[in-house]
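Right, one structure below, let's go through it.
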Amino acid sequence: VDVTIAGLESADAVTCSRNVRIQPHASLASVADRAFDCVVLPGGLPGAKAFAASLPVKALLERHYAAGGIVAAICAASIALESHTFLPGSTVTSHPSVRDQLKSYNYSEERVCVAADGRLVTSRGPGTAFEFALKLVELLQGREKADSLVAPMLLKI
């Protein structure tokens, strides 16, 4: 799977909610018109709030989904779905701290939730990140590929 990390405002390094620094490959604006198989919104409340306030993120989600792609959000990033009225009525999950903000959705306590259409994937938080990643691999490359990653990573799932 080829991954492109896009910075919301620029390609400059981003300091995340736990002081982890990530160096994007590109700015969102520079890749917004590219076709991707999956767009993932990572968690962390400051970033989630930035996604929720971003009209370019809204446009990306809508355009990407209309083209048949997968949209995924983990942890607090699910609030961006609500903010952008993205697929209201779908079943989603999130970090428990933002649950009450997801009023337009059917809320699930599942660790990883795949909406009925199979193209909206949400997950609860850091403790569910491997399950979330494996679900995305399954949707992108098949169950056999996802299963093949469990043993080498020493996952207990």
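Computed from a predicted structure; not experimentally measured.
Distance CD1/I157 to CG/D147: 9.5 Å, rounded to 0.5 Å. To the nearest 0.5 Å, atom CG of residue D2 and atom OG1 of residue T4 are 7.0 Å apart. For the atom pair CD (E138) and CG (L149), the distance works out to 11.5 Å, reported to the nearest 0.5 Å. Going from atom OG of S104 over to atom CZ of F86 covers 13.0 Å, rounded to the nearest 0.5 Å. Between atom CD of residue Q101 and atom OG of residue S83 there is a gap of 10.0 Å, rounded to the nearest 0.5 Å. Atom-to-atom distance recorded for E82:CD and D100:CG is 11.5 Å, nearest 0.5 angstrom.
The shortest heavy-atom contact between I70 and H64 is O-NE2, 2.8 Å. The nearest pair of heavy atoms linking R111 to G127 is NH2-O, 2.8 Å. Residues H84 and K58 share a closest heavy-atom pair of ND1-CB, 3.3 Å.
Judged by distance alone, with hydrogens and angles left aside, the side-chain atoms of T93 form no donor-acceptor pair with the main-chain N or O of V112 at under 3.5 Å. Looking at H95, its side chain does come within 3.5 Å of a backbone N or O of S97 through a donor-acceptor pair. Within the 3.5 Å criterion, the main-chain N or O of F51 finds no donor-acceptor partner in the side chain of S54.
Of the candidates L81, T122, T91, L81 is the only one forming a side chain to side chain contact (heavy atoms under 4.5 Å, CB included) with Y105.
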Problem set entry | Test log, rule side chain to side chain contact (heavy atoms under 4.5 Å, CB included), inputs S94 and I79 | CA-CA 8 Å; S94 69; I79 65 171; over 6 Å; no

For this session: Kindly indicate, with the supporting measurements, whether the criterion side chain to side chain contact (heavy atoms under 4.5 Å, CB included) is fulfilled by L8 and V57.
Result: CA-CA 8 Å; L8 187 57; V57 167; 3.5 Å; yes

For this session: In sequence, state the C-alpha distance, the side-chain angles, and the governing distance for L134 and V150, and then conclude on side chain to side chain contact (heavy atoms under 4.5 Å, CB included).
Result: CA-CA 8 Å; L134 289 170; V150 173; 3.9 Å; yes

Exercise. When you look at T128 and S123, which way does the side-chain hydrogen bond (donor to acceptor under 3.5 Å, both in side chains) test go after all the steps?
Worked result: CA-CA 7 Å; T128 66; S123 190; 2.6 Å; yes

For a quick test of your reading: what N or O donor-acceptor pairs under 3.5 Å do the side chains of residues 24-48 make, sequence neighbours left out?
unit_1 : atom_1 : unit_2 : atom_2 : d
H25    : ND1    : I5     : N      : 2.7
S27    : OG     : S30    : N      : 3.2
S27    : OG     : S30    : OG     : 3.3
S30    : OG     : S27    : N      : 3.4
S30    : OG     : S27    : O      : 2.8

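Follow the hydrophobic side-chain contacts under 4.5 Å out from L136 and you never reach V71; the two are in separate clusters. In the hydrophobic clustering of ILVMFWY residues, with side-chain heavy atoms under 4.5 Å counting as a link, L87 and V114 come out apart. Taking hydrophobic clusters as Ile, Leu, Val, Met, Phe, Trp and Tyr residues chained together by side-chain heavy-atom distances below 4.5 Å, V3 does not share a cluster with M153.
By the 4.5 Å heavy-atom criterion applied to side chains, V92 and L120 are counted as neighbours.
Using a 4.0 Å cut-off between a side-chain N of Lys or Arg and a carboxylate O of Asp or Glu, R124 and E110 do not qualify as a salt bridge.
Around the CD atom of E144, the shell of radius 6.0 Å holds no more than 12 heavy atoms that belong to other residues, nucleotides or ligands. Atom CZ of R63 sits in a crowded spot, with more than 12 heavy atoms from other residues, nucleotides or ligands closer than 6.0 Å.
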